[in-house]
Every structure is written in C-alpha cells, then in structure tokens.
S.K.: 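I have a structure here, written as structure tokens, and I will follow up with some questions on it.
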Amino acid sequence: MKEIRTQVGIVGAGPAGLMLGHLLHRAGIGSIIIENRAQDYVIERVRAGVLEQSTVDLMIENGVGSRLQREGMPHDGIYINVFGKRRRIDMAELTGRRITVYGQNEVVKDLIAARGSSGRPLLFEVSDVSVHDLESDQPRIRFTKDDEVREIRCDFIAGCDGFHGICRPSIPARHIRIYERVYPFGWLGILANAPPSSPELVYSLHERGFALFSMRSNAVTRLYLQCAPDEDLSQWPDDRIWDELLTRLQSDDGWKPNVGPITQKGVTGMRSFVAEPMRFGRLFLAGDAAHIVPPTGAKGLNLAMADIWRLSRAVARYFESGCPDLLDQYSDDCLRRVWRAQQFSWWMTSMLHQPVTDNPFDSRRQRAELEYVTKSRAAMTSLAENYVGLPIEESISGG
Ligand code: APR
Ligand code: PHB
C-alpha cells in the first residue's frame, strides 16, 4: 500500500473542500484533496447560484475572484410576487449589502484552476474512501486510485464530502446528534437558453404553488417550480413546464419570464439538517457534510464558505503557534451561523410554499405574513439582512 503524508487530508472537491485547500495553500499549509467523482462531473453539476457579499469578499481577498468580478451579476434587490402582486425588496438600500449571482459550478471551476496553479494534489475518481484513527493525532484516509490502495497520513481530516459522504457516518452515533426536517415538496429546476426578463430574482407564491425566477448570465435563465419531492420528470414535457412556470410567475404588472429551449432539468427534495458537533477528534466536518438547508434562502454554498473560512483560520493558527483554541471553538462558532441560516431558510420555505397545512387558517395567515413582509420596512429589513448574509465574524443568535 502506498502511503502519503500531508498536513490536512480533505475528502470532497465541492466548493467546501476546494476552498479549504486554497486557503490552506495561501497559509503555506499542505493538503491532499480526494474526490470520488470525475472532474467534468464536479464542474458540470448544476447547483445554486447566489453568493452573499461575504462569500464574494472571501473569494476576491484570496485571489480567486477575478472572473467572479467580471462575470458575476451583482443584484441590489429581489422581487416577491404574492398571488400576482410583484413587490421589490431593495436589499442594498435597507442593508448596504448586495448579493451576486454566479453559478456554483463557476466557483468550482475557478477553485479547480487555482488548485492546478498551486501544484498541490487534487485526485479525482478515487473509490472506497474510509477514515481511521480519528481520535489519534495522526488520522488516516484510505482510498483506491487506479486500482491501487493508498493511505494519507495527516494531522487533520476535513470532511467536505457533502450530505451523502462517508465522513459524518464515520463518527460513532453516540458522539453526534442529528436535527432534521424533511419537507413534503421538492423543486423541479430548469436551465433555459432565454435572456432573463427581469434583472433581479422573482420569488413567487401562486395558488398552484411556489416558483422562482433566477438566472446564470445575460442569455441563460434558471427557473424552479414547487413539485412533489419524488416528482417523475418524465411527466414534465417542456410545454408543461413552461405553462406552469408562466402561470405561477407572471404578475399583474404584465411581467413574465422569457421562454426558450430547456437545456437541463432536475428534481431535488428539500431538507433541513444539522449534525452537532461538527467535529470528532481530528475530523472536522464542513459544508453539506454537516448541514443542509432548503434552497429557498440560497444559503447552502454561503454557509459552506463561512465554515471553511473558520476552519482554515483555526488550522493555520494551530500550525503557527500550536494553539488549538480556534479548533476547539470551530464547531460552536460555525453552528451559531448555521442555526441562524436554518431558521431563515425554514421561514422563507414555509412562507413561500403551498400548502402550509390543510387548515385554511394557515393559508390566510401565510397571506397576511407575505403582505407584511413585502410592505413593512421593518419586516423587509429583517428579510434583507438575512438574505444578504451577516459578515462571517458576526452572528446574531450567539453570545
Ligand atoms: N469520497 C470523496 N469525495 C466524496 C465522497 C467520498 N466518499 N462522497 C462525496 N464526495 C464528494 C462529492 O462528489 C462532491 O463533489 O464530495 C463533494 C461534496 O461537495 P458538495 O456536495 O458540493 O458540498 P459542499 O462542498 O459542502 O458544498 C456546499 O452548498 O449550494 C449548496 O448543496 C450545495 O454543494 C453545495 C453546498
Ligand atoms: C439559483 O439561481 O439557483 C437559486 C437562486 C435563489 C435561490 C435558490 C437557487 O433561493
């Protein structure tokens, strides 16, 4: 068996694992990233696309923001369409912060390029990944690459392997607590070659359910429809998708999305999930490996980036001074932000999806809430503050 030694072994080359490898490299710390999928798959996988200001700042400050600055689409506001009445929330005016629309796969592309320039290892298409000796000071990652079993010996393991990865399940059940809520609906998402007809996102609640208008570029629109969590895509020819999108999104002011050829379709379920703590011995979980939010608040990628910022700082401090204080605080510090985002994502999801419950009282209450949220400056400020995201150092719910 071939043995390799590094300071940090990183499992998973999604945004979390790649950004960690990059920040560690900038701090002069060695890492090996292993990924079970092929490079093209990781790049092509269609995911979310809204970056908080602090995610954008983190990328720019660390030298991976130049394409983001050129091609990212800064948005000062969002629209909420409440049963046909489209109202704008001016996030920049209310909070002084904005969001940037830039596909997660573009982030991944930029980070893979940066990894290439660093000359540090990034191995795709590995299999049989397992982690060992997590409570020792030399944990190990075992995997197979090109039919050869290999082992990484390291000081720390970063579990950045997403919700279905192996790192979290490697923690003994008595050392981890799971909090979870699965929603009775999913999103059917499409990419279409159609120029966006609104410069900003439109979140819409219609009698037939939620819909969302987003974009990827001046030529590509990204759209979502609330559906069953296990919706059968074969029942959704393109015409049916457009009928439903137009019905749910168009507003009384005459706005509707542009229609164009659909280039990608998919269904995703919706879940809220937190594993606590985000650490076991020398294994640190980050990103989707530790927490999942429903996509309504656009927080998934941003939470992953905030975890990684903390983890890289904590690891750098340990290697510089031998001081484990930030490593010891890592989980608690991350979880404060995670729970704030969990609450926000749950709230946006419950407020914007149909039906909340079978009780007509709840429908009326939901409508009243949406009226308030789109008319009261105080309520809009609260939504905007959460949507644009807190600075990474701050957290309202923590001490
Ligand atoms: N070994 C190696 N790699 C693995 C393994 C494994 N056993 N299991 C999963 N992976 C890889 C996946 O193929 C994926 O590329 O780990 C990576 C995890 O990446 P993501 O799922 O993208 O998760 P993360 O990096 O935490 O990104 C945060 O924010 O917008 C949300 O869910 C969205 O992916 C996004 C997330
Ligand atoms: C997206 O563009 O993919 C997107 C935007 C906003 C969300 C979720 C997804 O809340």
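Side chains included, hydrogens not; waters and symmetry mates left out as well; all remaining heavy atoms used. Every number for a ligand or one of its atoms is a count from 1 in the order of the listing.
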S.K.: When you compare ligand 2 with Leu212, is there at least one nitrogen or oxygen pair between them that comes in under 3.5 angstrom?
M.R.: no
S.K.: Is the shortest distance from a heavy atom of Trp187 to ligand 2 less than 4.0 Å?
M.R.: yes
S.K.: Heavy atoms only: which of Asp307, Ile166, Val107, Asp161 is nearest to atom 16 (O) of ligand 1?
M.R.: Asp161
S.K.: Which of the numbered atoms in ligand 2 are under 4.0 angstrom from any heavy atom belonging to Ala48?
M.R.: 3 (O)
S.K.: Please work out which of Pro169, Cys160, Gly12, Ala290 has its closest non-hydrogen atom nearest to atom 18 (C) of ligand 1.
M.R.: Cys160
S.K.: So do the side chains of Met305 and Val107 get within less than 4.5 Å of each other, counting heavy atoms only?
M.R.: yes
S.K.: Please say whether the positively charged group of Arg86, taken as NZ for Lys or CZ for Arg, lies over the ring of Tyr79, i.e. under 6.0 angstrom from the six-membered ring centre and within 45 degrees of the axis.
M.R.: yes
S.K.: Is the contact between Ala304 and ligand 1 made by the side chain, the backbone, both, or neither, using heavy atoms and a 4.0 Å cut-off?
M.R.: side chain
S.K.: With atom 10 (N) of ligand 1 as the reference point, say which of Leu18, Leu20, Asn36 has the nearest heavy atom.
M.R.: Asn36
S.K.: Taking distance alone, with no angle check, do Val42 and ligand 1 share an N/O pair under 3.5 Å?
M.R.: no
S.K.: Do we get Arg364 above Phe361's six-membered ring, with its NZ or CZ under 6.0 Å from the centre and within 45° of the axis?
M.R.: no
S.K.: Closest by any non-hydrogen atom to atom 35 (C) of ligand 1: pick that one out of Gln104, Arg45, His291, Met305.
M.R.: Gln104
S.K.: Check if Met348 has a non-hydrogen atom at a distance under 4.0 Å from any atom of ligand 2.
M.R.: no
S.K.: Heavy-atom distance to atom 15 (O) of ligand 1: which of Glu35, Glu125, Arg37 wins?
M.R.: Glu35
S.K.: Can you confirm, on distance only, whether ligand 1 has an N/O atom lying under 3.5 Å from any N/O atom belonging to His164?
M.R.: no
S.K.: Looking at Tyr387, I'd like to know if the NZ or CZ of Lys299 sits under 6.0 Å from its six-membered ring centre while staying within 45 degrees of the ring's axis.
M.R.: yes
S.K.: Do ligand 1 and Val129 have nitrogen or oxygen atoms that lie under 3.5 Å from each other?
M.R.: no
S.K.: From atom 33 (C) of ligand 1, work out which of Asp128, Val50, Asp288, Leu301 has a heavy atom at the shortest distance.
M.R.: Asp288
